[in-house]
Colleague: 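Quick one: the structure is below, questions incoming.
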2 protein chains.
Amino acid sequence: MGDTTDQLDRAFAALADPTRRDLVARLAIADATVGELAEPYEMSFQAVSKHVKVLEDAGLVTRSRDAQRRPVHLNAEALDQMTQWIERYRREAEARFSRLDALLARTAEGDGNRPTIKEKES
Amino acid sequence: MGDTTDQLDRAFAALADPTRRDLVARLAIADATVGELAEPYEMSFQAVSKHVKVLEDAGLVTRSRDAQRRPVHLNAEALDQMTQWIERYRREAEARFSRLDALLARTAEGDGNRPTIKEKES
DNA sequence: GCCTTATTCAACCAGTGGGTTGACAATGAT
DNA sequence: ATCATTGTCAACCCACTGGTTGAATAAGGC
């Protein structure tokens with residue numbers, strides 16, 4: 001359990017940084033080396049290297065070796081796991097709201113107070 | 001622009017904490033007060049209050065007032081914005097992989113080296 | 001072997017984050 | 001008015017993070 005938790009911790013934390021989100025956005029288009037990734041930013045090359053490491057530790061990217069280069073590759077599966085988590089609760093919440101809306105609509109219509117309502121809430 | 005960025009920063013950072021993800025999971029089922037939310041955890045009441053504030057600043061929850069209580073309500077829209085962001089790039093990446101897979105499959109089939117291939121990569 | 005390219009590691013600094021405890025504020029009940 | 005309930009604010013501690021610079025490693029080119 002701690003395993004999955006840690007992974008989600010790291011994944012969400014990784015995407016909490018705008019630079020790293022930008023890296024992900026660019027890696028969605030094409031794999032790239034750290035050097036290529038670092039080029040557009042003001043910050044030092046090493047800083048970007050660190051950012052990439054954070055993404056890697058979060059499982060969001062993987063790396064292979066090609067001579068001196070270590071091309072960075074986006075891991076779509078990790079992104080999928082994140083949406084899985086979010087969507088589960090979003091759907092739960094929305095389902096609940098819809099039910100509530102329906103309830104309120106029925107009550108407001110004036111033909112309310114039917115005893116069919118048994119959504120215990122306390 | 002900084003606006004949306006900040007919001008995503010905060011939202012992802014908020015969900016990077018396991019306690020806060022648990023809060024979200026519970027709020028998906030039902031609204032709750034800070035007191036109710038704090039009850040199951042070992043940590044102090046104030047710590048949970050802080051966590052809720054982080055979720056609120058991230059736009060993930062909203063709060064109303066009911067006498068002394070300030071019930072916390074999950075904001076499904078904020079969750080949706082997060083999935084929007086993630087899914088955009090996941091889809092881009094996956095589309096690219098599919099294209100690449102198809103390319104490799106064609107090449108491997110032996111009827112390869114058709115000049116239709118012009119995915120310049122260098 | 002020596003030089004270049006690409007990348008990481010190590011040490012450091014300032015800022016932030018999660019936790020604590022203790023005091024304060026807001027609202028309702030008596 | 002006083003008390004109880006519910007929650008926030010403030011100050012503090014320690015760990016972690018994002019950034020820096022400088023040195024080290026890894027792999028190829030000559």
Side-chain angles (χ1 to χ4, degrees), chain A residues 2 5-24 26-27 30-74 122, chain B residues 2 5-27 30-74 121-122:
Chain A
T5 299
D6 283 3
Q7 204 64 12
L8 276 178
D9 283 6
R10 295 200 197 100
F12 279 115
L15 294 192
D17 184 283
T19 301
R20 287 192 296 255
R21 281 203 306 279
D22 195 54
L23 290 174
V24 167
R26 292 170 57 203
L27 289 168
D31 293 2
T33 66
V34 177
E36 289 162 354
L37 290 172
E39 199 270 322
Y41 306 115
E42 295 277 302
M43 77 189 73
S44 75
F45 178 82
Q46 291 97 317
V48 176
S49 179
K50 273 195 188 182
H51 278 305
V52 172
K53 185 165 194 342
V54 171
L55 290 171
E56 187 178 20
D57 289 347
L60 285 166
V61 304
T62 58
R63 324 177 68 170
S64 40
R65 181 168 282 282
D66 166 37
Q68 306 103 309
R69 301 177 184 163
R70 319 222 332 93
V72 184
H73 174 84
L74 186 60
S122 80
Chain B
T5 299
D6 283 2
Q7 203 65 11
L8 275 179
D9 283 6
R10 294 201 198 99
F12 279 114
L15 294 192
D17 184 282
T19 301
R20 286 192 295 255
R21 281 202 306 281
D22 196 53
L23 289 173
V24 167
R26 293 170 57 202
L27 288 168
D31 293 4
T33 65
V34 177
E36 289 163 352
L37 289 172
E39 198 269 323
Y41 307 116
E42 294 278 301
M43 75 190 75
S44 74
F45 177 83
Q46 290 97 318
V48 176
S49 179
K50 272 196 187 180
H51 278 305
V52 172
K53 185 164 195 342
V54 171
L55 290 171
E56 186 178 21
D57 290 346
L60 286 166
V61 304
T62 58
R63 324 178 66 169
S64 41
R65 180 168 283 283
D66 165 36
Q68 306 104 311
R69 303 182 182 158
R70 320 221 332 94
V72 183
H73 175 84
L74 185 59
E121 195 69 35
S122 75

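What you see is a predicted model; the values in this text were computed from it and never measured. Throughout, a chain's letter reflects where its sequence line sits, starting with A, and its residues are numbered from 1.
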Colleague: I want to verify a distance call: between D:dT20, D:dG7, C:dG18, whose nearest atom is closest to the B:Arg63 side chain?
Modeller: D:dG7
Colleague: To the nearest angstrom, how far is B:Arg70 atom CZ from C:dA26 atom P?
Modeller: 12 Å
Colleague: Looking at the side chain of A:Arg65, which of D:dT8, D:dA27, C:dG18 is the nearest nucleotide?
Modeller: D:dA27
Colleague: Can you identify which nucleotide, out of C:dG18, D:dG7, C:dG19, has its nearest atom closest to the B:Ala47 side chain?
Modeller: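 Of the candidates, C:dG19 comes closest.
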Colleague: Select one nucleotide: of C:dA11, D:dG28, C:dT21, the one nearest the side-chain heavy atoms of A:Gln68.
Modeller: D:dG28
Colleague: Side-chain polar contacts of residues 44-58 of chain A - donor-acceptor pairs under 3.5 angstrom, sequence neighbours left out - could you list them?
Modeller:
{"from": "A:Ser44", "atom 1": "OG", "to": "A:Ala47", "atom 2": "N", "distance (Å)": "3.1"}
{"from": "A:His51", "atom 1": "ND1", "to": "A:Arg20", "atom 2": "NH1", "distance (Å)": "3.2"}
{"from": "A:Lys53", "atom 1": "NZ", "to": "A:Asp57", "atom 2": "OD1", "distance (Å)": "3.4"}
{"from": "A:Lys53", "atom 1": "NZ", "to": "A:Asp57", "atom 2": "OD2", "distance (Å)": "3.3"}

Colleague: With respect to the side chain of B:His51, which nucleotide from D:dG7, C:dG18, C:dA23 is positioned closest?
Modeller: C:dG18
Colleague: Closest approach to the side chain of A:Val34, judged atom by atom: which nucleotide of C:dA6, D:dC9, C:dT8 is it?
Modeller: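 For the A:Val34 side chain, the nearest candidate turns out to be C:dT8.
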Colleague: Does atom CZ of B:Arg69 have more than 12 heavy-atom neighbours from other groups under 6.0 Å away?
Modeller: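 No, not enclosed.
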Colleague: If you take atom types as modelled and just measure distance, does the side chain of B:Lys50 reach the base of C:dG17 with a donor-acceptor pair under 3.5 Å?
Modeller: no
Colleague: Are the side chain of A:Arg10 and the backbone N or O of A:Gly59 linked by a donor-acceptor pair below 3.5 Å?
Modeller: no
Colleague: What nucleotide among C:dA23, D:dG28, C:dT7 has an atom nearest to a side-chain atom of A:Ala67?
Modeller: D:dG28
Colleague: Given D:dA27, D:dG7, D:dT20, identify the nucleotide with an atom nearest to the side chain of B:Thr33.
Modeller: D:dG7
